[in-house]
Each structure stands twice: as structure tokens, then as C-alpha cells.
Amino acid sequence: MTRAARAALFWVSAAAIAAGLLWSGLALPRIGTADHPYGSRAVAASLARRTANAVSSVNFDQRALDTLGEESILFAAVLGSVVLLRQVRGERRTHARAGYVLPATRLLGLGLAPVTAVTGVYVVAHGALTPGGGFQGGVVLATGLHVAYVALDYRALRRVRPLAVLEVAEALAAGAFAALGLLGFTAAAGSYLRNVLPLGTFNDLVSAGLVPAFNTAVGVEVASGISVVLSQFLFQAVEMEETDGA
Amino acid sequence: MRLSAAPAPWSDPAVLLPLGIAVPLLGAAFMAAAGRHMPRVVMDALTTALTAVTVVDLVLLWRLTGSGTVSAFMGGWSMRRGESVGIVLAADRAGSGMALLVALLVLAVIVYSWRYFDEPPRSHRGTFPALLLLFEAGMTGFSLTGDLFDAFVFFELMGTAAVALTGFRVEDPRPVQGALIFGVINALAAYGALLGIGLLYARTGELGMAQIGARIAEQSQAHTGSRAPVVVAFVLVSTAFLVKAAIAPFHFWLADAHAVAPTPVCMLLSGVMVELGGYGVARVYETVFSGPGGVPHAVFTGMMVTIGLLTGVVGALMCWQQRHLKRLLAFSSLAHSGLFLVGLGLLSPDGSAGALLWIAGHAGVKAALFAVTGMLLDRHGSVDELGLHGRGRDLPAAGVLFALGGLALAGLPPFGTALGKALTEEAAAERQAWLPVVFVLVSALTGGAVLRAALRVFAGAGECPPSEGAGPETTGEGEEPEVRDPRRPVPRPMQAVAWLLLAGSAVIGLVPALAERIARGGAQVTDRLGYLGSVFGTAGHGAGPAEAPAAGWTTSGVLLDLLSALLAAALAAGAVYRPERARALSAPVAPLRRLHSGHLGDYVVWWGVGVAALLAWVTLAR
Amino acid sequence: MTLLWYAATAWIFLSGVRGLTRSRNLVQAVGCLAVAQSSTYVLLLGIGYRSGATAPVFGDMAPGSRPVVDPVVQALALTDVVVGATVTALLLALVIQIRKRHGTVDPDELTGLCG
């Protein structure tokens, strides 16, 4: 198709899609409406399960199957990046050279890394209580690790990053979520992904039953998974020799 | 509806439904973590065992669905006063049948791959089986879920695993391009569907399919709530599934992805993933949009029959033009996917039963055909029909298999494809008397293309054609052999799997009891109240529809099937022995071929055009 | 305000799609896909909003003292973010390999699969 034809067809379809969305918008309840039946039920259920963070309750208790699927997508993407960014026959690795880093940057990095790590652990651990949780905290943890790359250089990152351990940890954490779900069958009216641990006291660190456990599994998975993905991209960018293409 | 004693685990849907998803996920995690430490044999054995466990679980589930839909809420969040905050998994015979088909096909693919891959990277040996198992989990979850957002999540899981598997051979330039196109188009369609799901949530405050459908019906009875969000959401959500089902004009990605994916992955893509798209359209329409206040039946049927027929014709015409064997088979899957959609779109128990039988039969046949293509790739490093002329003579058994597969695609009795085709034609004829003509022509053209390839490659029939084709094409020359040693004999697991798959398709047509059981799914998939009753737990949902649809051979059906098989043979012979005539016929199709440009921007534009056209149709049609 | 919200959703989505159709660089195309996806965040979070309400977290707030927004929609948006990030990562990996095999990331120059 010529560029002109593509543009013309796009504008026609864009007009139709925009019209559809606006027409729907006119017919739907206004933004800011007080009528949220599912939301109200979810908040009530969250409080009944003594989970202070209603979003975590929805994610890891009420709609845990969605979260299982979502962390499986992350798992698949990590495996996919390992497979797709591997070194192939005929490609050569080069050695990363040490770069020059200002002492001030080095100091900032060394100071920032532990702070980020602690923040990440905090966000994961308090997933059931405060905004945050496994996914958010996991990303913070992965970032904390890569401060070594940002503030120092690639060789420093490779020294502190236990890649093989991270790959195994990622797979095991992904499996842990599915396995913890099986615990749900141990309850009287057993059901997959049922919250069977003691619910504890509202607003305590260990409360809300299985929610902190799921949070931790997801936190480990996301932190290691994102580190693995970044390691593959960095491997391609830094260690692979530039070729001109076949 | 609480029984006095909890059912045993092997007949409890609350156990069987989630295990179908959890077992592959656990298996994938284990394979990824421990794969590198195990010898290849142990890894293959474990993967096979895990998949076999999943098959057993899904067979048990399938048996439960004989009398109607079974459902279970996850996390123990069952319905209270008609409301729930949890996610429901619900399976009727059609849904559990699709899940079982997924598991069986994945088992076949895993056995096929025993001796198939020397899969790099050597330090990450468990990655390929792990991705296959994740793909299986995504497809099973999609078949069994009763929640619309959950369907989106599993749809994306399917897509992510499939993209990673399609682009597996990163050493070659074409796989990465095909995989990228596949990924972008599927993701775009999924994001559109998410917009639709948001609109439905705003309109009804629910995410479960049955719950949304019930609320739309309620609000329509009470004359509250308007049509606009329902129409737009229907189009956006259905488009995502139509993209997966490769229905025109959303079909362009299919051939590009199939041409480049490793053979075991092609078997899964064509055998069951594409068909899940059609199933998704039918399921979502039936539960969410088919009641009062939704989209009228006549509008839905008209739309699905039209685009299904268009897809069938486009697929058949393009299939005939191909010389790249995998692209040829891909376009044939496209054509059949269109015809499946026509069958499902008729919204009648007979039409749906025919479509489900056809899907089941087609899965075995198509997977067997791809398996043979894998053998050719293994031996000769090429899938070019013209370049391989006569070189397949060293694989006579494979040649017979390929020819039988082509005839089965064309509808030769007693294969399951023929039975499904016959029943669907009958149901379609009740709507328009000329519809069976299209079915016969499409089947004949696609089956004929495969037969033609069989004659040229395995029998060396006809003269060796010049290697230059006219116009744009993907030749299939220069494909790297996917296996270790091109000189060794074709491994036995690969041959055995191919024959077993073809035999499986024949069994569906030969064993009436089996066909009848599958056909019952056709009645259930059109039974909206049965599905809603099961999810809401209201009494009497086990009653099911009055009579099971017909699933036997009829004289007219057999005659039409034989006609299309004969036509296919005639077309194949004509193409091989009178090539000049065949070449003259290809000139008018050249503009259609040019449309399939491999360009990402073009495909995105077609997605937009399709969405706009469907929006216009549903809004304006009465 | 409601109409503006839906118009913003449509604008962001269609800008992403327009970028996809016009792009001469696959990295930009993947970015446009991510832009199209962010329209879903806008829609979802807008649908869940309740005027004058606060976040559905009761860490420092007694339950029932103030209205809260819809937590379900936020959970959906969180899932959406993760899905989007992972899909983007996978597609960018493919773009890297396309650059290495074809020597270009211009869709107009990729002609291996056609007909």
C-alpha cells in the first residue's frame, strides 16, 4: 500500500473508532460517579479479610487468578528474552572495557544502592498494608541492583549480579505462586487460590492470610525477572560485536 | 446449589478446572529452573509426564460436562445473593473440549520434539519446554475462564508465549520479522479489547461474562442503560478474538508467523490456537451479548457468515498460490478458520456441533501435515514446493501421509473433517441454499493445493518447473534444517506422532459415540441460560437443551464430501500436468497477493479498517 | 468532563495507532504500541474514580470514615501495566535481532515475507 492510501484508510477508521468511544462516553455514567457496585463489594470483602490495602486484596485474594496469569506472562517474557537475545553461531563476544567514573558518581551510587534495596523490601513486605506490593517493590529492587550499572559500569554490575541464581529464583518464585494456590484445597470447602492462612490483626505486618506470601513470591519473581531481562539487553548492547547484518 | 457431601476430587469441578491451568504452570517453572541440570532424556520424560497428567485432568472434566456447564469460583469467593467478587471458571462441553484438544495436541508436539530440537541455548535447555507449557496454560485458561478480564490475561499469556516460540530461530532473518508482526498485531488488538472491557465495566459494574450478560439483560428490561457502550465493546472485544482466529481483514499476520515458526509450534498455532479465537467469539457473544439489550442474533449471524466466507475465499485463493509449504498450510488454516466461524456464527446447535467436530478433526489433520513438513525440512533444508520437486521420493510413507492429509482437508470421508464439514454445510444450507457451494469450493481448493504439493514433492509428477515465480512471493528456499543431522533417517517419534494425529482425526469420523459426545458441545455453546444458571448457581441448570444435535453421516453430506475430494484431486492433477493453464489463473489473484506485503503499517491499517467496518455494521444493521 | 475523559482516551489510543501505521523505525513503532496501551490506563482509572474520594488503603484511615475509589479498576490497571511492560520488552528484543539480521529497522525495507 502506498503511504497515501495507508493514511487515508487510517483517518477513516480513526474517525469511526473515535466516534464510537465518544458516543459510548456520552451514554455511560459520568466520571466521578458514586455508583461502583463491584468496588464497594471488593472493599467490604477486603476489610472482612483484614487486608488494609484493598487493591492488594483484589489482586492477591479476590482475583488472584488474574495475578497468577499476569505473573506467568512476566515469566514467559523473561524466558522469551533469554531465548531471543541469545548469542548465535557466528557472533563474537567482546570484552567490556572499564569506563571512567567520577568519584562523586561512584559515591552516590554506593549510597543509593542500599537505600533502594531497603525501599524495595519495604514496599514488598508492606504490600497488604500500604500502596505497593510485589510488582512495585520488585521493580524497585531490580533498579537497586542496576544502580551498579548506572553509577559504575558494566563490569561492576556483572560482579555483583548473580545471574544464574536470579534465573533459578525467578522460575521458582513463579512456581511458588501456583503452588501456594494449591494450599487453598486444604481448607474445608477447598478452592484453588483460597486464602487459608490465619488472617491476623488488621494493619499488622503479618495479616491478611496468604496475601503477604503471594506478595513475596511476586516480589522475588519480578525483581529477578526484570534483572534477567535487563541482563540480556545489556549483554546484547555491551558484549556483542557490532555487525552490519546479513 | 450445595450437595450434602463434597464430591470426590476427580469429579469436583473446583479441583479439575484450576488444575488444568496450574499443572502446566508448575511444570513450566520446574523446567525453567531445573532443565539445565537434567539430561535431555529426563527432561523430555518429565515434560511428557506432566502433559499427560493435564490430559487426564481435562478428560475427567470433559466427562463431567455431558449434562451441562460446570463452574467453580476461584479463591472460595462463591456467589452470594447473585453477587461475587471472585473469578469464575466455567466449562461446558465445548470449552472443556477445546481445553482437552489443547492438551492432546501439546502432548503430541512434545513427543514430536523428543528427537527434534537441538535447542540452543545449551545453558538454558529447559526454556523451550517451559515456553510450550506456558503456551498450554494460556490456551487452557482461555478455554476454561468465565471472566472477561481473565480471558484477556490468558489471551496475552498465549500471545506472549507464542511470540517467543515463533521467533525462536533468531539466526534467520525471517522468523524475527514474522514474530514481531505477530506480536504487534495481537497486542494492539488485545489493548483494543481492554478498552471494550472497560466500557462494559462502566456500563454494568461486572467483569464476569455471565454476570455482564445478566446485567445487560436486566437493564434492558428496566429500560436503563444505552446501546452505545455495548455495541462498541462488542466490536472491540470480538476483534481481538477475530485477530487470533485470523479472520479477514485481520488475518495478515498468520501466514507470516507460520512461515517462520519452528514446526512443533506451527502444529499448535494452526491446530488449536487459531480455532480458540473462533471459540472465543462464539462464547463471548453467547454469554454476554446475545440476550436482550445486546447485539441481535440476526446482526451477529449476518456479520460472522459474511466475514467467515470472505476469509474462506481469501484463504483458499492465497493457499493455491503458495509454493512455501508452511505458508500454504497456513493459508489453508485461514480458510478453514473462516468456515468454522460461519458454522459457529449460525448460532444453531447443529451449526455449532458441525463446527466443533470440524475443529477437532482439522486439528489432527493439520498437525500431521505440519509434522510431515518438518520431516522435509529435516532432510532437505527446504520447504519450497518447486525446489523440492521429486526430492521427497526417499520418504514414501510421509508422501502417503501428506496426500491423505490433503484429501482429509478436502473432506474425504471418513475423516473427522469430512463429518464436521457435512454437518456444517447442512446447517448453513438452512440459512442460504448456496452456502454449501462455497464450503465445497474452499475445501477443494485448499485440499487440492496440498495434493498438488504431494504430487510434485513426493512423486515428482509433472515437469520440473522454473524456479522463478511471478510477482511477490516467499519461496521457502534456504531454510536452515531445524534438527541435528540432515543425513540420519527420520526419527520414529516424529513419524509415529504424525500417523497418530491423522488416525485421531479419522477416529472422530468413524466412532459415532465420540462424534455424538463432541456434538453435544454444539447444543451447550448455544445454551445461554444453561451457562448463566451454572455460574449463578440457580437450580435446574443441569437440564440442558432438549435434544442433542445430529452427529451422524447423511447421504447428502457424504456426497458433497466426495464431490469436494474429487474436485481437489482434479485441481491437483490439472495443476501438475497442465501448468500453463494453472499459471494463467494466477494473474487475477496478483493484487490480492500484493496486499499481503509483510509490512507492519499495512496490517495495522487493516485492523483499523476492520474495526471501523464492524462498528458501522453493528450500529446500522437492524 | 466525562466527554473530555473519553476524548482523551480516544486521542491517546489513536495517536499510538497512527504512529504504528506511519513509523519508519521499529523501535518507534513499539513505543507507539505502548502509547496506545496507555489509553487503557486513562479509561480504567477514570471509570473507577469517585468524586471526593481517597485511595482504597486503610493503613492510616479508619474504614468507613471516607469514601474510597474503586480498587478493582486499580488492580486491573496494575495487571495492564505488567502485561504492557513485558510485551514491550519481548518486542524490543525482536527488534534488536531484526536490526542484526536485516541491517535495518525500517519496516519499508523488510521484504522477506510477502505474497
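Computed from heavy atoms alone, side chains included, the values below leave out hydrogens, waters and symmetry copies. Numbered from 1 within each chain, the chains take letters A, B, ... in sequence-line order. This is a predicted model, so every value here is computed, not measured.
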Subject >> Interface moiety of C/I96 toward chain A, non-hydrogen atoms closer than 4.5 Å >> reply: side chain

**OP:** Tell me, for C/L43 versus chain A, whether the close heavy atoms (under 4.5 Å) come from the side chain, the backbone, both or neither.
**Re:** neither

Original post:
Is any side-chain N of the basic residue among A/D35 and C/R50 closer than 4.0 Å to the acidic one's carboxylate O?
Top reply: no

Subject >> Test item: A/H36 side-chain N/O and C/Y49 main-chain N/O as donor-acceptor pair under 3.5 Å >> reply: yes

Subject >> Exam field: side chain C/S51 to backbone A/G32, donor-acceptor pair closer than 3.5 Å >> reply: yes

Subject >> Heavy-atom closest pair, residues A/P29 and C/T2 >> reply: O-CG2, 4.2 Å

Subject >> C/I98, part contacting chain A, at a heavy-atom distance under 4.5 Å >> reply: neither

Subject >> Flag side-chain contact, heavy atom, 4.5 Å: A/I31 against C/Y6 >> reply: yes

**OP:** Please flag which part of C/Q74 lies under 4.5 Å from any non-hydrogen atom of chain A: side chain, backbone, both or neither.
**Re:** both

Original post:
For C/Q97 and A/L84, which heavy atoms make the closest approach, and how far apart are they?
Top reply: NE2-O, 2.6 Å

Subject >> Donor-acceptor under 3.5 Å (A/R3 side chain, C/R22 main chain) >> reply: yes

**OP:** Can you see which heavy atom on A/A77 is nearest to which on C/L90, and at what distance?
**Re:** O-CD1, 3.8 Å

Original post:
Heavy atoms, side chains only, cut-off 4.5 Å: are A/F135 and C/V81 in contact?
Top reply: no

Original post:
Does the side chain of C/L3 come within less than 4.5 Å of A/R30's, by heavy atoms?
Top reply: no

Subject >> Toward chain A, the part of C/D80 with a non-hydrogen atom under 4.5 Å >> reply: neither

**OP:** Heavy-atom distances under 4.5 Å only: say whether C/V17 touches chain A with side chain, backbone, both or neither.
**Re:** both

